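This report refers to the structure that appears directly beneath it.
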Amino acid sequence: MAAGATTMGAAPGDRGEAAPAPLDRVIPAPASVEPGGSPYRITERTRIRVGDSRAAREAGDYLADVLRPSTGYRLPVTGDGGGGTGKDGGGGDIRLRLVKSPHGGAGGAEGYRLDSGRSGLTITAARPAGLFHGVQTLRQLLPAAVEKDSVQPGPWLVAGGTIEDAPRYGWRGAMLDVSRHFFTVGQVERYIDQLALYKINKLHLHLSDDQGWRIAVDSWPRLTTYGGSTEVGGGPGGFYTKADYRRIVRYAASRHLEVVPEIDMPGHTNAALASYAELNCDGVAPPLYTGTAVGFSSLCVGKEITYDFVDDVVRELAALTPGRYLHIGGDEAHSTPHDDFVTFMKRVQPIVARYGKTVIGWHQLTGADPAKGALAQYWGLDGTGPAEKERVAEAARNGTGLILSPADRAYLDMKYDANTPLGLSWAGHVDVRRSYDWDPDAHLPGVPASAVRGVEAPLWTETLENSGHLEYMAFPRLPGIAELGWSPAATHDWDGYRSRLAAQAPRWDALGMDYYRSPQVPWPAGGGGGGPDVFCAGWGGGGGGATCRVWTSINFCYSHLNI
Ligand code: NGO
């Protein structure tokens, strides 16, 4: 049965308990769901059996970390994971099985199969990422209280049946702008954990912009010591040491996200230009910049030192980055004459290739000559001119892969509506339905579906200063973009989606996350998100004149609290 269709609902547990969540109440919607049979129950005797695979053990340890605090059970992760599926003699345990050629939909790099029944629950996958995604599905099938960090009463039931699941696209990204406001390693890790809930598999870090350079480069140390010393609004900024960056990469990898670093060039480079006078055509370093205008800075395309600089930066960043990609920006190069832009991209793309990485650029890269194998990230609007759209489509027909981040759909920094206190509105307001209700394959005319590699939700941070702000803008829109990237087009259905989305709110409450209580979503009554918003006067999303604002779910005083 296709996900999104009505399930019969699983049989309730014994002892007069409430029925467990139906197997298809998951985001992203699974590719196929076959409900049936008795529910599975986690008890104090449950073991997590992982066989002798290291990857399965890692997934098992992760699952145990999620389950132990709220269940209060020991849940030992044990080696003995062989044998049958959960349905036929799993002995009441959870099994995580990594197998070479699994039956059913567990194939591919990220697919998995989940079998749940009275005698056990088994997740089977061909690759570690598939096991991890299966574990995320299992989390959502358990009661929301499983996310709490203190012992809860349970019961811990999972509906009986089978899920076979695999993603629609290989690229399901989220971008975080750590330049406009700096976010600490801990804040980035918190966001990674939230992304992993929805099977996002790329973390694109926007590491440099006019307002701050955030990644250490040994050969150009002032980039961070000076260029990283502030941010929008004049705060202290910050930067990642190489050890910090490696920590982020490792943490992301442990959640099966690949880090995609971006150095935005040739525009959006004021922080670099301020740090090194010789990078400027006139040899004069501009002051640091803490405003939010765009399009005023450019590296000096005619100077050779520019390419020494790019070579050093790319070499050091590529050496730190195990992932395949390096994003070179290319957006809003309004201060770079077009011919210079083309020249710059011609010189810079081979540098990226020399250090073993694949180029990604914002879609303006298609106005130059994208390198073979390069990807372009489309961030246009419905209103973007036909010539620009056609340039992107033509590049796609010629082999450039596309990542879709249409600003009027996928930009998480756009206001939900006129009352949203944070965010921008240059691409219009993006309510929850608008961010979900589009089809990546059909979004741009003239683009072959084979060119669409997936979707990405950028979170620009001109107005966002702390984790509460990020969460308020990302939730509840991020899960919708994640679903567009994962779920078969046939599951797409706003009404079904918004009720599944509503069911996520108690999880976010349990995790202490903030989110926007969109009136488009039928949120459950009660719960932490159900209280009234309390607004204190005089607060502007751009900062300044701030007094206080309290939001429902975890009662932030936004203007004073940085978490
Ligand atoms: C644009 C611009 C960014 C802004 C963002 C704000 C791109 C690719 N360039 O998106 O510099 O931060 O909008 O929404």
Side-chain angles (χ1 to χ4, degrees), residues 173-183 202 204-214 231-233 237 260-273 289-299 327-336 341 345 359-368 370 374-384 388-389 391-392 402-416 420 422-430 434-435 444 455-465 469-470 472-474 477-478 481 541-543:
M175 189 213 79
L176 182 61
D177 170 11
V178 296
S179 178
R180 271 49 179 275
H181 281 99
F182 180 66
F183 292 85
K202 310 280 181 219
H204 167 182
L205 287 176
H206 185 77
L207 290 168
S208 69
D209 211 303
D210 292 317
Q211 297 84 350
W213 186 285
R214 307 299 181 202
E231 59 188 357
V232 167
V260 179
E262 178 187 354
I263 299 296
D264 202 347
M265 322 179 257
H268 289 278
T269 43
N270 189 76
L273 297 168
Y289 180 70
T290 60
T292 58
V294 295
F296 61 88
S297 56
S298 179
L299 291 173
H327 201 306
I328 55 172
D331 57 320
E332 296 173 320
H334 305 319
S335 305
T336 318
F341 182 77
M345 288 302 177
V359 165
I360 307 180
W362 296 105
H363 76 253
Q364 282 72 18
L365 179 64
T366 63
L375 303 182
Q377 184 167 7
Y378 177 74
W379 60 285
L381 308 173
D382 278 0
T384 296
E388 189 168 338
K389 285 181 175 163
R391 210 164 28 243
V392 176
L402 297 186
I403 300 164
L404 291 189
S405 303
D408 53 353
R409 303 279 182 173
Y411 267 34
L412 301 177
D413 60 313
M414 289 301 123
K415 290 177 183 292
Y416 294 96
T420 310
L422 302 167
L424 307 175
S425 54
W426 67 264
H429 297 143
V430 180
R434 188 167 175 78
S435 66
L444 269 179
V455 292
E456 187 172 299
L459 188 43
W460 302 96
T461 60
E462 285 93 334
T463 67
L464 312 179
E465 301 176 23
H469 289 176
L470 299 183
Y472 186 78
M473 300 307 278
R477 290 181 290 198
L478 183 276
I481 304 297

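Ligands are counted one by one from 1 in listed order, and the atoms in each one are counted from 1 as well. Predicted model, so just to flag it, every value in this text is computed and none were measured.
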If we count only N and O atoms by modelled type, under 3.5 Å, do the side chains of His363 and Glu388 hold a donor and an acceptor together?
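There is such a pair between these side chains.
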Any chance the side chains of Ser298 and Thr336 put a donor and an acceptor closer than 3.5 Å?
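The criterion, which ignores hydrogens and geometry beyond distance, is satisfied for Thr336 and Ser298.
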For [atom], grab the closest protein heavy atom and report residue, atom and distance to one decimal in Å.
atom                    : answer
atom 1 (C) of ligand 1  : Trp379 CZ3, 3.4 Å
atom 2 (C) of ligand 1  : Glu332 OE1, 3.1 Å
atom 14 (O) of ligand 1 : Asp413 OD2, 2.6 Å
atom 10 (O) of ligand 1 : Tyr411 OH, 2.7 Å

Student check: side-chain heavy atoms of [X] and [Y] closer than 4.5 Å:
X      : Y      : value
Glu231 : Thr290 : no
Met473 : Leu464 : yes
Val359 : Leu365 : yes

Please could you name the atoms of ligand 1 that [X] approaches to less than 4.0 Å, counting only its heavy atoms?
X      : result
Asp331 : 2 (C), 7 (C), 8 (C), 9 (N)
Met414 : 14 (O)
Leu424 : 6 (C), 14 (O)

Please confirm whether Gln377 approaches ligand 1 to less than 4.0 Å, judged on its heavy atoms.
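Checking ligand 1 against Gln377, which is what was asked, there is no heavy-atom contact under 4.0 Å.
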Side-chain donor or acceptor of Arg214 paired with backbone N/O of Val178 under 3.5 Å
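Yes; at least one donor-acceptor contact below 3.5 Å.
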For ligand 1 and [X], I'd like to know whether there is a polar contact (N/O to N/O, distance under 3.5 Å).
X      : result
Asp177 : no
Trp426 : yes
Glu462 : yes
Arg180 : yes

Output field: ring centroids His268/Trp460 closer than 6.0 Å:
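No; Trp460 has its ring centre 6.0 Å or more from that of His268.
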Would Arg434 count as a cation-pi partner of Tyr416, with NZ or CZ less than 6.0 Å from the six-membered ring centre and within 45° of the ring normal?
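The answer is no, since Arg434 fails at least one limit relative to Tyr416.
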